[in-house]
Amino acid sequence: MTTTSGKSRLIDEMKAQSGQDPNSCYQCGKCSAACPVTAALDLMPHQVIRYLQLGLEDELAKSKTPWICASCFTCAARCPRDIDLARMMEGIRLSVLRCREGNKFGPADLTPEQLEKLPQQALVSGFRKYNK
Amino acid sequence: MRYRYFPGCTLKGQAKNMEDTTMAAAEALGIELEELSEWQCCGAVFPLYEDELISLLSPVRTLAAAEGEPLVSLCAACHHVLKRAQELMKRSEDARTKVTDFLEVEYSGEGRVLHFLEVLRDDLGFDKLAEMVKKPLEGRKAAAYYGCLLLRPSKVMQFDDPENPSIMEDMLKALGADVVKSPYRTECCGAYLSVTEEGVAADTVDRILESARNAGAELLITACPLCRYNLENCARSDGREPIKVYYFSELLAEAMGLSVETADDDSSKEEVSQR
């Protein structure tokens, strides 16, 4: 979705709500080198920032990457530009949950065995990630 | 040494033995942990978007309940959320005003927010701890597994060096263990991906365990119930004996000479008693 100025609304929101500016990234790729789950991603972490720079919101909304991101904060720890990519991933997830697809995962999606064994912390944090 | 103590939901459930062993060890070390009355969930994840104010209500309520006294938690996730919520309350007048007005509490970021490991390192001191050890863990090849939430973001958590931490190894050394360093000790275990993306969590866990095994570790310690769950439940079996995973407090209690009785596999029924 673009604003009348032709810029991405997601990016404007991203800057305001996460304090992160995708345009300060110079695509060194350290985040992608640091990420522990790249094998499961369809867009590498540095590519997510590039897509944000280009305002490719629809493509980002379809990507698996923000949902695989586990918010481990390793990318931010290694970024030479001090960008917190985990916050941007959260912004993409929120824009999908709030404006596009609604909640993705709830208690009904868990098996009785998972409910028995999973630590409470996993349930609460999982629901927080996939529901708003 | 007296502290307010925030357990969090998992410490009363799946990770009850982390609480029991910590309480027993703390008593033996002269550390008083006074549980907050009527505490609520920490929120489990720190909200990464600034308009998600509702997720800040429970941690700020907890922080305010400590009344400016040092607040200790054991679960890595609880400590992460409380510490970051405190930093936000200090930093953002907007968030602070909205949250404290809604909760009708006074809180502007005061008080020390500590993980129990920091109490051992900074207030008690590992040298002192070493002197109080009754049953040194001699010959136990132990490795630390830090995971993410205690270390990062390091500017806020200020827990240890995010790339080369030593607090858990220093504790293990004080307990007399044979400390082994594994290169993947600060890598993510997959967190809640074990709920939705089991294959991804299996990859992250396999790498961590393989790295520890290659370093010669026979056991790992962690401070996070979810890390422990993943390390114990998400690994792909390779036919070898799995590496044992413990809460840091279990080894602490053991080295303090406190016996821990485990009822089968149900960790919530574990009992701690003075030997």
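Treat the numbers as computed from the prediction; the structure is a model and nothing was measured. Each chain gets a letter, A, B and so on, in the order the sequences are listed, and its residues count up from 1.
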Review point. Which heavy atom of B:R152 sits nearest a heavy atom of A:C72, and at what distance?
Key: NE-O, 2.8 Å
**Study point:** Electrostatic pair B:E52-A:R87, nearest N-O below 4.0 angstrom
**Key:** no
Check your understanding: Is it the side chain or the backbone of A:L94 that comes within 4.5 Å of chain B heavy atoms, both, or neither?
Key -> side chain
Check your understanding: Shortest non-hydrogen contact from B:R84 to A:D84?
Key -> NH2-OD2, 4.2 Å
Review point. Can you say whether B:C75 sits under 4.5 Å from chain A via the side chain, the backbone, both, or neither, judging by heavy atoms?
Key: side chain
Review point. With a 4.5 angstrom heavy-atom cut-off, which part of A:I68 approaches chain B: side chain, backbone, both or neither?
Key: both
Check your understanding: B:E198 versus chain A, heavy atoms under 4.5 Å apart: side chain, backbone, both or neither?
Key -> side chain
Revision key, fill the gap. Applying a strict 4.5 Å limit to non-hydrogen atoms, the region of B:S55 in contact with chain A is both
Check your understanding: What orientation do A:Y130 and B:Y192 show, parallel under 30°, tilted 30 to 60°, or perpendicular over 60°?
Key -> perpendicular
Point to revise | Heavy-atom proximity to chain A below 4.5 Å, by part of B:P162 | key: neither
Check your understanding: How close do B:A44 and A:Q121 get, heavy atom to heavy atom, and via which atoms?
Key -> CB-O, 4.3 Å
Study note, to complete from the structure: From the list B:T186, B:I54, B:T204, B:L193, the residue making the most non-hydrogen contacts under 4.5 Å with chain A is B:L193
Check your understanding: Which answer fits A:K117, side chain, backbone, both or neither, if we ask what part of it has an atom under 4.5 Å from a heavy atom of chain B?
Key -> both
Review point. Given a strict heavy-atom distance threshold of 4.5 Å, which part of B:F46 is in contact with chain A: side chain, backbone, both, or neither?
Key: side chain
Check your understanding: Any salt bridge between B:K155 and A:D82, counting N to O under 4.0 Å?
Key -> yes
Point to revise | Most chain B-contacting option - heavy-atom pairs closer than 4.5 Å, from A:M88, A:M89, A:M14 | key: A:M14
Study note, to complete from the structure: Cut-off 4.5 Å, heavy atoms of chain B, and the answer for A:A122 is both
Practice item. Search all heavy atoms of B:Q14 against all heavy atoms of A:P119 and return the closest pair with its distance. Key: CG-CA, 3.6 Å
Exercise for review: Measure across B:G43 and A:V124 and return the closest heavy-atom pair with its distance rounded to 0.1 Å.
Suggested key: O-CG1, 4.2 Å
Exercise for review: Select, from A:G19, A:S125, A:A70, the one with the greatest count of heavy-atom pairs under 4.5 Å involving chain B.
Suggested key: A:S125
Practice item. Take atom CZ of A:F127 as the centre, draw a 6.0 Å sphere, and report whether it contains more than 12 heavy atoms from other residues, nucleotides or ligands. Key: yes
Review point. If you count heavy-atom pairs under 4.5 Å between each of B:L151, B:N230, B:T196, B:V45 and chain A, which one has the most?
Key: B:T196
Review point. Would you say A:Q120's side chain and B:L11's backbone share a donor-acceptor pair under 3.5 angstrom?
Key: no
Study note, to complete from the structure: Here the pair of heavy atoms bringing B:S194 nearest to A:Q114 is O-NE2, 4.3 Å
Review point. Which answer fits B:L226, side chain, backbone, both or neither, if we ask what part of it has an atom under 4.5 Å from a heavy atom of chain A?
Key: both
Exercise for review: Can you tell which part of B:N233 gets under 4.5 Å to a heavy atom of chain A, answering side chain, backbone, both or neither?
Suggested key: side chain
Check your understanding: Given side chains that start at C-beta, do those of A:F73 and B:L149 come closer than 4.5 Å, heavy atoms only?
Key -> yes
Exercise for review: Can you establish whether the number of heavy atoms outside B:K244 located under 6.0 Å from its atom NZ is more than 12?
Suggested key: no
Exercise for review: Would you mind checking which part of A:E13 comes under 4.5 Å of any heavy atom in chain B, side chain (CB onward), backbone (N, CA, C, O), both or neither?
Suggested key: both
Check your understanding: Can any side-chain N or O of A:Q17 pair as donor or acceptor with the backbone N or O of B:Y49 at less than 3.5 Å?
Key -> no
